[in-house]
Amino acid sequence: MSGHTHDHIDWADRLALLRAADALDAPAQAAIAARLAEKLPVNPTVIDLGCGAGGMSTHFAQALAARSGGTIILVDATPELLHEAERAVRAAAQDHRSGGSTLTGNGRAPGPSGGQHAAAEGTTPTVEVRAVVADLADGSLPDLLPTADLVWASRVVHHLPDQQAAIGTLTAIALADGVVALSEGGLSFSCLPWDLGLGRPGLEDRLQAAQAEWFVGMREGIDGAVPMPYGWTVALERAGLADVSSFSALVDHPAPGSDGLTDYVHHHLSRLATHGADHLSDEDRATLAALLDPVSSHYLGKRRDLFLLGARTVHYGRRP
C-alpha cells in the first residue's frame, strides 16, 4: 500500500476513479470553491488536507487567480496522489495566464491579509502551489504547516480514527477569523434505473444499504477508532468554531450523459460490488457481474439510461 492510511485502503490504486469523480464533480466543486473564496481576504492561504487527486484545489486555484492570487498548500499521506494533485493544480492555475494571472512555486510567502479587493491595478495575481506529505491524524500537523485563511478537507475526516480530534487539528491550523470547511455527507449518488431488465428491481437501493454496512465495518476496523455520535455541524461547534452552517451543491448528469460517465459508473459499481460482496444476495451479485462484464449482453456500457445524481454537502465555521 502506498502511503500511510488508517482505513487500510490503497488510495493510490484508486487514482483513476478519483480523477473521474473530479471530472464529473467539476461544476459542483467550482460552485463550492467560488462560494468559499468569497469569504477570504486578499492573497489568502488555502490548505487542502487529504487533497486526493487535487480536483477541488484546481477550482480553488482558478478562484484565487481570478481574484487577488494566493497560496494553495496540498497535503496528503499518499505520495502518488499528492504528485498528481500538484500537477493538476499547477495546470489549472496556469490556464489563467491568458487572463493575466501567473503561477509560481518558488516558496514566496503569502502577502498580508485584509479586505476582499482584487489585486491592485497593474499587478499580476499569482497563485503559488506547494505540496506536503503528511498524515491528517497527526496531532503535530499544526507545527508542520503554516496557518491558513481556509482549511479544507473533502471526504477524508471520516477515514481518520478520531474524527472530532481531527477537526480540532484543522481548527488549530486556521488563522483567527479563518474558515474551516468539510465536505462530508450529502446525498448518495444514484446512477441506475430502478428496473434494469435483469435481476430484482431496486438494485441500487440495496447497493447503498450494503455500502452503509461496509462503512460501519471500515470504521470498526480502524485502529483506535473513536465514535462520533453527532453530526458534522455539532462537531465543528465542539471544535470551537463560530458561525457554523452548511450548504450543498448538486451533481447532476442526466442520461445519456457524457462519454466519461460510463467509465465512472463502471468504477463506482465495481467498488460497491467489492464493498457489498458480503451483504448482497447471490442474485444481486450475479446482476452486478453481468453489468460489469464487457462481453455480457447486459453490460452497462451498452445502456443509454445511465445518469449521475447526488449532492455534496459542505459544513463550515469560522475560528474566533
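Residues: numbered from 1 along the sequence shown.
Counting only distance, with no hydrogens or angles, the side chain of Arg87 and the backbone of His83 share no donor-acceptor pair below 3.5 Å. Formation of a donor-acceptor pair under 3.5 Å by the Ser281 side chain with backbone atoms of Asp284 is found in this model. The backbone N or O of Thr45 lies less than 3.5 Å from a partner atom in the side chain of Asp149, making a donor-acceptor pair. With hydrogens and angles disregarded, no donor-acceptor distance shorter than 3.5 Å links the side chain of Ser57 to the backbone of Gly54. Not a single donor-acceptor pair under 3.5 Å links the side chain of Asp252 to the backbone N or O of Leu309. Checked by atom type and distance alone, the side chain of His266 pairs as donor or acceptor with a backbone atom of Leu292 at under 3.5 Å. Looking only at distances, a side-chain donor or acceptor of Lys302 sits under 3.5 Å from a matching main-chain atom of Ser296.
Met56 and Ile32 get closest at one heavy-atom pair: CE-CG2, 3.4 Å. The two residues Val127 and Gly69 make their nearest non-hydrogen contact at CG2-CA, 4.4 Å. Nearest heavy atom pair, residue Leu261 against residue Pro256, reads CD2-O, 4.0 Å. Here the closest non-hydrogen pair linking Thr262 and Gly301 is CG2-CA, 3.7 Å. Here the closest non-hydrogen pair linking Leu291 and Tyr299 is O-CD1, 3.2 Å. When all heavy atoms of Leu288 and Leu280 are compared, the pair lying nearest together is CD1-CD1, 3.8 Å.
Within the model, atoms OH of Tyr264 and CG of Leu306 stand 13.0 Å from one another, a figure rounded to the nearest 0.5 Å. Put simply, CD on Glu86 and CG on Leu74 are 7.0 Å apart, with the number rounded to the nearest 0.5 Å. With values rounded to the nearest 0.5 angstrom, Asp162 atom CG is found 11.0 Å from Ile222 atom CD1. For the atom pair CG of Leu272 and CD of Glu204, the computed distance is 8.0 Å after rounding to the nearest 0.5 Å.
Tracing side-chain contacts under 4.5 Å through hydrophobic residues (I, L, V, M, F, W, Y), one reaches Leu144 starting from Ile47; they form part of the same cluster. Under a hydrophobic clustering in which Ile, Leu, Val, Met, Phe, Trp and Tyr are joined whenever their side-chain heavy atoms come within less than 4.5 Å, directly or via other members, Val226 and Met228 fall into different clusters. Phe307 is not connected to Leu207 by any chain of hydrophobic side-chain contacts under 4.5 Å among Ile, Leu, Val, Met, Phe, Trp and Tyr, and they are in different clusters. There is a path of hydrophobic side-chain contacts, each under 4.5 Å, that joins Phe247 to Leu40.
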Which atom pairs, one a donor and one an acceptor, fall under 3.5 Å between side chains of residues 169-197 and the rest of the protein, sequence neighbours left out?
from	atom 1	to	atom 2	distance (Å)
Thr169	OG1	Ala165	O	3.2
Thr171	OG1	Ile167	O	2.9
Glu184	OE1	His158	ND1	2.6
Glu184	OE2	Val156	N	3.4
Glu184	OE2	Val157	N	3.2
Glu184	OE2	His158	N	3.4
Glu184	OE2	His158	ND1	3.4
Asp195	OD1	Gly197	N	3.0

For Leu36 and Trp152, run side chain to side chain contact (heavy atoms under 4.5 Å, CB included): C-alpha distance rounded to whole Å, both residues' side-chain angles, the deciding distance at 0.1 Å, then the answer. CA-CA 10 Å; Leu36 292 175; Trp152 166 263; 3.7 Å; yes

Run the side chain to side chain contact (heavy atoms under 4.5 Å, CB included) test on Leu64 and Ile72 for me, step by step, so that the C-alpha distance in whole Å, both residues' side-chain angles and the decisive distance to 0.1 Å come before the verdict. CA-CA 9 Å; Leu64 295 188; Ile72 296 177; 3.9 Å; yes

Between Val251 and Leu308, is the side chain to side chain contact (heavy atoms under 4.5 Å, CB included) condition met? List the steps. CA-CA 7 Å; Val251 178; Leu308 192 66; 4.2 Å; yes

Carefully, step by step, assess Leu145 and Leu49 under the rule side chain to side chain contact (heavy atoms under 4.5 Å, CB included). CA-CA 11 Å; Leu145 300 171; Leu49 293 166; 3.9 Å; yes

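The side chain to side chain donor-acceptor pair (under 3.5 Å) analysis of residues 228-244, with sequence neighbours excluded, yields the pairs Gln164-Tyr230. Screening residues 311-320 for side chain to side chain donor-acceptor pair (under 3.5 Å), with sequence neighbours left out, gives Asp25-Arg312, Ser246-His315, Ser248-Thr313.
In this structure, the side chain to side chain contact (heavy atoms under 4.5 Å, CB included) partners of Asp22, at least two apart in sequence or on a different chain, are Gln29, Ala53. Annotation: side-chain hydrogen bond (donor to acceptor under 3.5 Å, both in side chains) contacts of His267 (sequence neighbours excluded): none. For Asp282, the salt bridge (charged side-chain N to carboxylate O under 4.0 Å, His left out) partners at least two apart in sequence or on another chain are Arg285.
Note on Arg19 versus Glu84: salt bridge recorded, some NZ/NE/NH1/NH2 to OD/OE distance being below 4.0 Å.
Using modelled atom types, one finds no donor on one side chain facing an acceptor on the other under 3.5 Å when comparing Ser68 with Asn43. With hydrogens and angles left out, the side-chain atoms of His275 and Gln211 include a donor and acceptor closer than 3.5 Å.
Using a 4.5 Å heavy-atom threshold, the side chains of Arg200 and Arg206 count as touching. Val75 is listed as a side-chain neighbour of Leu136, based on a closest heavy-atom distance under 4.5 Å.
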